[in-house]
Amino acid sequence: MEDYVINLILFGVILWTTLFLVTRKVFSNRSFDFCNRIVSTAHAFSAVILASLSVQDWSCPVCPLASQSSPKQMQTLAVSVAYLLYDLVCCLFDKQVKLDNTIHHLVSIVGLVAGLAYQRCGSEMVAALWITEMSSPLLHLRELLKELGYRDTDLNLAADMAFAIIFTFARMIGGPYLCYVTLSAHNPLLIKAMALGLMLVSAFWFYKIARMVMYKLDKRSSSIKITKPH
């Protein structure tokens with residue numbers, strides 16, 4: 001792995017940690033999770049922007065396949081590795097260790113670090129980053145709204161539905177295509193394994209999100225029936 005990439009990851013961990021500490025200071029009356037989600041939202045926006053800027057050919061965003069990673073792609077991946085390392089440790093401090101979230105972090109970190117070490121598959125990995133982070137701002141918005149007192153409101157339901165729609169479009173339409181081209185190209189075995197692992201994690205989360213949406217809609221439907229005048 002290039003020295004500048006390692007330095008960027010170390011600098012990134014410090015940067016994300018500093019941003020969290022500043023956020024904690026500004027929103028001192030809010031929870032640990034609230035502040036962490038603000039940092040996570042900042043990363044999601046920056047990851048999508050950097051990933052978009054590093055695409056070499058928008059007529060084929062995942063091209064060239066199994067090729068040498070460009071400096072922009074390496075920098076984009078390094079920024080996200082730094083964030084994932086920060087967030088993994090941050091979750092430990094918050095004592096909210098969830099198995100599915102931990103597996104997601106580890107799969108993502110190993111996959112991105114492998115890509116940086118091989119200095120290959122930049123196009124595929126940047127596309128994966130774009131797909132996975134596209135729905136993240138709405139994911140965090142849902143939880144932020146709950147802490148701000150908007151739980152079970154139309155605004156919170158709108159955020160839930162928007163998140164579910166974007167997640168489904170990105171992960172369950174774009175995701176399988178990206179997994180297919182990554183597996184079919186001449187990529188290292190570890191990269192292929194990470195692509196398959198990310199697809200399986202996305203499918204599991206899709207199942208959970210689908211259940212959440214059904215529960216929310218049933219709850220809203222029941223609420224409307226109860227409040228409807230007779």
* Asked: Are any side-chain N or O atoms of S135 and backbone N or O atoms of I166, one a donor and one an acceptor, separated by less than 3.5 Å?
  -> no
* Asked: Less than 4.5 Å apart, any side-chain heavy atom of L50 and any of V79?
  -> yes
* Working to the nearest 0.5 Å, report the span between OG1 of T41 and CD of E143. => 11.0 Å
* Asked: Are F20 and F32 an aromatic pair by the rule of ring centers under 6.0 Å?
  -> yes
* Asked: Do we see a donor-acceptor contact under 3.5 Å between the side chains of Y86 and N36?
  -> yes
* Give the cluster check for V55 versus V62: same hydrophobic cluster or not, with ILVMFWY residues linked at side-chain heavy-atom distances below 4.5 Å. => no
* To do: Check whether more than 12 heavy atoms from other residues, nucleotides or ligands sit under 6.0 Å from atom NZ of K72, and answer yes or no.
  => no
* A127 to L178 - nearest heavy-atom pair and separation -> C-CD2, 3.8 Å
* To do: Tell me whether F167 is reachable from F204 by hopping between hydrophobic residues (I, L, V, M, F, W, Y) whose side-chain heavy atoms are closer than 4.5 Å.
  => yes
* Structure fact -> Between Q119 and E2, the two heavy atoms sitting closest are NE2-OE2, 3.5 Å
* **Pairwise distance CH2(W205) to CG(L200) - rounded to 0.5 angstrom** => 13.5 Å
* Asked: Within a strict 4.5 Å, meaning less than it, do heavy atoms of the L84 and L88 side chains meet?
  -> no
* Give the cluster check for L196 versus L106: same hydrophobic cluster or not, with ILVMFWY residues linked at side-chain heavy-atom distances below 4.5 Å. => no
* Structure fact -> Here the gap from L157 atom CG to L217 atom CG, rounded to the nearest 0.5 Å, amounts to 6.5 Å
* To do: Would you kindly say whether S31 and D33 are connected by a side-chain donor-acceptor distance under 3.5 Å?
  => no
* Are Q73 and T76 close enough that a side-chain donor and a side-chain acceptor fall under 3.5 Å? -> no
* Would you say the side-chain atoms of S69 and Y118 include a donor-acceptor pair closer than 3.5 Å? -> no
* To do: Spell out, as yes or no, whether a donor-acceptor pair under 3.5 Å connects the side chain of R211 to the backbone of F206.
  => no
* Check the surroundings of atom OH in Y150: do more than 12 heavy atoms from other residues, nucleotides or ligands lie under 6.0 Å from it? => no
* Kindly check if the number of other-residue, nucleotide or ligand heavy atoms within 6.0 Å of CG (D57) is above 12? => yes
* To do: Kindly indicate whether the side chain of W58, heavy atoms from C-beta on, has any atom under 4.5 Å from the side chain of S52.
  => yes
* Asked: When clusters are formed by joining ILVMFWY residues with side-chain heavy atoms under 4.5 Å apart, either directly or through shared neighbours, do M134 and M161 land in the same one?
  -> yes
* Asked: Considering residues, nucleotides and ligands other than W16, do more than 12 of their heavy atoms fall under 6.0 Å from its CH2?
  -> yes
* If you measure from OG on S80 to NE2 on H43, what distance do you get to the nearest 0.5 Å? -> 3.0 Å
* Can you tell me if OH on Y4 sees more than 12 non-hydrogen neighbours from other groups inside 6.0 Å? -> yes
* Asked: Taking the side chain as C-beta and beyond, is there a heavy-atom pair between T132 and L198 under 4.5 Å?
  -> yes
* Quick one: does P64's side chain get under 4.5 Å of S123's, heavy atoms only? -> yes
* Quick one: are C63 and Q56 in side-chain contact, heavy atoms under 4.5 Å? -> no
* Any side-chain heavy atom of L19 sitting closer than 4.5 Å to one from L15? -> no
* Do L144 and F45 share a hydrophobic cluster (ILVMFWY, side-chain heavy atoms under 4.5 Å, transitive)? -> no
* Asked: Which pair of non-hydrogen atoms, one from T182 and one from N187, has the smallest distance, and what is that distance?
  -> O-ND2, 3.0 Å
* **Side-chain donor/acceptor of K192 to backbone N/O of L183, under 3.5 Å** => yes
* Are any non-hydrogen side-chain atoms of L145 and R151 less than 4.5 angstrom apart? -> no
* Structure fact -> Output for pair (L65 CG, C60 SG), nearest 0.5 Å, gives 6.5 Å
* Structure fact -> One should read off an interatomic distance between L139 CG and S40 OG, to the nearest 0.5 angstrom, of 8.5 Å
